[in-house]
Trainee: 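Have a look at this one.
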2 protein chains.
Amino acid sequence: MAKPKVKRAPGPRDEALSRDRIVAAAIELLDSVGDDGLTFRALAAHLATGAGAIYWHVASKHDLLAAASDAVVARVLAAIASHATPRRAIRNIAVGVFEAVDAHPWLGPQLARGPWQTATLQIFERIGRQVQALGAPDRAQFTAASALVSYILGVSDQNAANGRMLAPAVDRATLLASEAARWNALDPDAFPFLRKVAPQLRKHDDRDELLAGVDLILAGIAAAR
Amino acid sequence: MAKPKVKRAPGPRDEALSRDRIVAAAIELLDSVGDDGLTFRALAAHLATGAGAIYWHVASKHDLLAAASDAVVARVLAAIASHATPRRAIRNIAVGVFEAVDAHPWLGPQLARGPWQTATLQIFERIGRQVQALGAPDRAQFTAASALVSYILGVSDQNAANGRMLAPAVDRATLLASEAARWNALDPDAFPFLRKVAPQLRKHDDRDELLAGVDLILAGIAAAR
DNA sequence: ACCTGAACACCGTTCAAGT
DNA sequence: ACCTGAACACCGTTCAAGT
């Protein structure tokens, strides 16, 4: 007897395995258990399947991480309003990426894997369009967009590194205070500058610093015109 | 009978194990075999000792990588002439870090591990001093130095990611050409900007772009004064 | 104090075998 | 076509035992 064509609608628990389901589960795992909590065994358990099954849909762990990054970045960029002045749009994208990396600390190293992967490309494109809208001369647009992207990814990753390494219990203020104290305790001959700005480290706001840096670059772009 | 106080001078092959020797060997291994070529077993073989012995001098692989980064960064910064105008000094530091990360691709992710490790601190200090010499107002110095450091680390890591992923046989020109072709083949509706600047991607010089970005930030700092 | 090397508890990935 | 699960070839780290 032929199998009936009509299958019952699959519930969320027994849906067929698919690349999308695997990527979604990977993101969940990455977010909850952290960078090296993502294991093919754990992932398989989460998906109620065998570890080897995943390889039918995904080439490697590298591939899986890239796909997870793409998905998160696409989602974040889609949520950013684009009807704003170029300057505001650039600031919005910066904050969006920054917050995404902050919320998904595993994303930082991933975006640092270079401008050849889709995730970084998406960011580059979005920033680039706004640089164009800014009225920068044609030959300066690539440079300006590159600088902005490198800067944004750089700050985001630096910032997320804190959360990646730190005990989740420690809050930001305590962390900054203890770190400022460490800067103050540095050898005065070797680290005069860090000692001097230690109070500013303690009081600074990450988002404000990010935007200040973006503004610095934007001012530079404007000055070059 | 008491052991004689005078030991024969140890040769390079049978010197006692030490943190410094371990770190030096790790750097060698990292440079020659790449990021995941560094293994406690390989390292032990290289040092003609047991894998467990290394743990007497080094707390963990994390610790070892941090120490390797410190060593490389310290060496690089020491080689940079500091008697120059602040602007030139900043450019020199940027190029120095960029080239170090390029030569030691494993260093990029390491420096991205956040501003709490010595390696990043060293760079921050050196940049900061020059920002100070630039005459930036006190309360802007932390922000300006942060922005420069984040940018420099960001570009360096992005750039090194190419070499990390690529077959070593492929040269830069071929890589850029094929990547520019990929940008050109992107969906025109989704990626108009990248398609437009694809020719600039093909022709660009990494070092020039780095310095152009630094200049953008410096111009921003100057404009804010 | 320092080193050895086996052992532990994992990994990512492959692959014969199933349906 | 897709999934299973054992097996392979590794890891970082620990630790009793040696010197």
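Here is how names work: the chains are called A, B, and so on, in the same order as the sequence lines, proteins then strands, and each is numbered from 1.
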Trainee: For the pair made of CG in A:L43 and P in C:dT13, what is the distance, rounded to whole Å?
Mentor: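 For the pair A:L43 CG and C:dT13 P, the rounded distance is 12 Å.
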Trainee: Output the single nucleotide from C:dT13, D:dT13, D:dC3 whose closest atom is nearest the side chain of A:A16.
Mentor: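 Ranking C:dT13, D:dT13, D:dC3 by closest atom to the A:A16 side chain puts D:dC3 first.
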Trainee: Using atom NE2 of A:H62 as one end and atom P of C:dT13 as the other, report the distance to the nearest whole Å.
Mentor: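 Nearest whole value for this atom pair: 10 Å.
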Trainee: Which base sits across from C:dA17 as a Watson-Crick or G-U pair, both distances under 3.5 Å?
Mentor: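 Its partner is none (no Watson-Crick or G-U wobble pair with both distances under 3.5 Å).
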Trainee: With a 4.0 Å cut-off, would you call A:D208 and A:K203 a salt bridge?
Mentor: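 No, this pair does not count.
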Trainee: Rounded to whole angstroms, how far apart are CG on A:L17 and P on D:dC3?
Mentor: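 Rounded to whole Å, this separation is 5 Å.
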Trainee: Can you find a heavy atom in the side chain of A:I217 that is under 4.5 Å from one in the side chain of A:I90?
Mentor: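 No; the side chains remain at least 4.5 Å from each other.
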Trainee: Paired with C:dC3: which nucleotide, if any, by Watson-Crick or G-U wobble criteria at under 3.5 Å for both distances?
Mentor: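 Across all strands, not a single nucleotide pairs with C:dC3.
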Trainee: Can you find a heavy atom in the side chain of A:D70 that is under 4.5 Å from one in the side chain of A:V23?
Mentor: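 In short, these two side chains do not touch, never coming nearer than 4.5 Å.
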Trainee: At 4.0 Å (heavy atoms only), tell me whether B:I54 reaches a base, stays on the sugar-phosphate, or touches nothing.
Mentor: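 Result for B:I54 = nothing.
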Trainee: Take the protein atom CD1 of B:I22 and the nucleotide atom P of D:dT13, then report the distance between them rounded to whole Å.
Mentor: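 Roughly 13 Å, once rounded to whole Å.
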Trainee: Indicate yes or no: does A:D63 engage A:R19 in a salt bridge with an N to O separation below 4.0 Å.
Mentor: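 Counted as a salt bridge, because a side-chain N and a carboxylate O are separated by less than 4.0 Å.
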Trainee: Base, sugar-phosphate, or nothing for A:L38, non-hydrogen atoms under 4.0 angstrom?
Mentor: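 Sugar-phosphate, backbone atoms only, no base.
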Trainee: Separation of B:L47 atom CG from C:dC2 atom P, in whole Å?
Mentor: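 These atoms are roughly 16 Å apart.
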Trainee: Name the closest nucleotide to the A:K61 side chain, picking from D:dC3, C:dC3, C:dT13.
Mentor: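 It is C:dT13.
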Trainee: Counting heavy atoms from C-beta on, name the nucleotide in D:dG12, C:dG12, C:dC3 closest to the side chain of B:R41.
Mentor: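 For B:R41, the side-chain atoms sit closest to D:dG12.
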Trainee: Taking the minimum atom-to-atom distance to the side chain of A:Y55, which one of D:dT13, C:dT13, D:dC11 wins?
Mentor: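 So the nucleotide nearest the side chain must be C:dT13.
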Trainee: Figure out the CZ/P separation between A:F40 and D:dC10, and round it to whole Å.
Mentor: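 That distance rounds to 19 Å.
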Trainee: Parallel, tilted or perpendicular for B:Y55 and B:F40, by the 30°/60° rule?
Mentor: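 Taking B:F40 first and then B:Y55, their aromatic rings lie parallel (interplane angle under 30°).
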Trainee: With both distances kept under 3.5 Å, what pairs with D:dC10, Watson-Crick or G-U wobble?
Mentor: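 D:dC10 is paired with nothing.
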Trainee: Assuming nearest nucleotide by heavy-atom distance, tell me which of A:A51 and A:W56 is located more 5' along DNA chain D.
Mentor: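 In this pair, the answer is A:W56.
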Trainee: Please confirm whether the shortest side-chain N or O distance from B:H57 to OP1 or OP2 of C:dA1 is below 4.0 Å.
Mentor: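 No, because none of the side-chain N or O atoms of B:H57 sits under 4.0 Å from OP1 or OP2 of C:dA1.
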